[in-house]
Amino acid sequence: MISSSFEGLFIERLANWKTVFLCADFREEDTMRIIQASALIFCLVAAPGVSLAADAKADVEKAYAAWDAAFNKHDEKAIGAAYVTSAKLLPPTHQVASGPAEIEKFFAGLFAGGVTGHKLEMIDAGGDDKVVFGTAKWSATGKDKEGKPSPLGGLATHVFERQADGSLKLRLQTFN
């Protein structure tokens, strides 16, 4: 986001340019066109950083919703498809899962154990056109030793790689 003092300085500079152009025997319409073109160029140069941050948050929310939907259908294949081939999953068991096949196997074990109702709540997200991160609170329902529903939850960190089509795939995931 551009600070208000910076915006004020930019507007002041544009006003000074207008004075210079008017004194240099330009017509006022020509001066306004130059000022408008300068403002447009400034916006095009300054805006991408703002839109990438907003896009990152929206893209992470979308990825989280798709991941939760796959988990809640107990669809380990769809979960595996959410990861790049070189992905790493670092679960609290300390058994690192590498690549979609091992990650699918890990989540199939959770499904067999009766874990349901997964939900990711985004804390923060950001990144650029190649790498995006997300942090979230996660919750689910597991089963205790007697087979009764038991709440689960913790924090998660996700590192995504932006794909050619603009979608996100997980490169790294860790949770506690």
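Ion pairing between Glu161 and Lys169 fails under the 4.0 Å rule for side-chain N and carboxylate O. Using a 4.0 Å cut-off between charged nitrogen and carboxylate oxygen, Asp128 and Arg162 do not count as a salt-bridge pair.
Taking the six-membered ring wherever Trp is involved, the centroid distance between the rings of His158 and Tyr64 falls below 6.0 Å. Taking the six-membered ring for Trp and the full ring otherwise, His118 and Trp67 have centroids separated by under 6.0 Å.
Judged by distance alone, the side chain of Asn176 and the main-chain N or O of Leu155 form a donor-acceptor pair under 3.5 Å. Judged by distance alone, the side chain of Asn72 and the main-chain N or O of Thr116 form no donor-acceptor pair under 3.5 Å. Using a distance-only test at 3.5 Å, with no hydrogens or angles considered, a donor-acceptor pair links the side chain of Thr174 to the main chain of Leu90.
Smallest separation of non-hydrogen atoms from Pro149 and Thr141: CB-CG2, 3.9 Å. Across all non-hydrogen atoms, the minimal contact from Ala70 to Ala78 is CB-CB, 3.7 Å. The two residues Pro100 and Gly80 make their nearest non-hydrogen contact at CB-O, 3.5 Å. Nearest heavy-atom pair, Lys57 versus Ala125, reported as atom, atom and distance to 0.1 Å: CE-O, 3.4 Å.
Atom CZ of residue Phe160 and atom CG of residue Asp59 lie 9.5 Å apart, to the nearest 0.5 angstrom. Summarising the geometry, atom OG1 belonging to Thr85 is positioned 8.5 Å from atom CZ belonging to Arg171; distances are rounded to the nearest 0.5 Å. Within the model, atoms CG of Asp55 and CG of Asp129 stand 11.0 Å from one another, a figure rounded to the nearest 0.5 Å. Rounding to the nearest 0.5 Å places CD1 of Ile123 at 6.0 Å from NZ of Lys137. Summarising the geometry, atom CZ belonging to Phe71 is positioned 8.0 Å from atom CH2 belonging to Trp138; distances are rounded to the nearest 0.5 Å. Separation of atoms CG (Leu120) and CZ (Phe175) is listed at 10.5 Å; rounding is to 0.5 Å.
Within the 4.5 Å cutoff, the side chain of Leu89 has heavy atoms near those of the Phe107 side chain.
Applying side chain to side chain contact (heavy atoms under 4.5 Å, CB included) to Leu168 and the options Val84, Val60, Val159 leaves one that passes, Val60.
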Inset, instruction - In sequence, state the C-alpha distance, the side-chain angles, and the governing distance for Lys143 and Ser150, and then conclude on side-chain contact (heavy atoms from CB on, under 4.5 Å). - result: CA-CA 5 Å; Lys143 292 185 179 179; Ser150 177; 5.9 Å; no
Inset, instruction - In sequence, state the C-alpha distance, the side-chain angles, and the governing distance for Tyr83 and Glu104, and then conclude on side-chain hydrogen bond (donor to acceptor under 3.5 Å, both in side chains). - result: CA-CA 10 Å; Tyr83 295 82; Glu104 289 172 20; over 6 Å; no
Inset, instruction - With side-chain contact (heavy atoms from CB on, under 4.5 Å) as the test, would you mind laying out the steps for Leu110 and Phe106 before giving the verdict? - result: CA-CA 7 Å; Leu110 292 182; Phe106 173 83; 3.7 Å; yes
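Checking Ser98 against Lys88 by side-chain atom types alone, a donor-acceptor pair falls below 3.5 Å.
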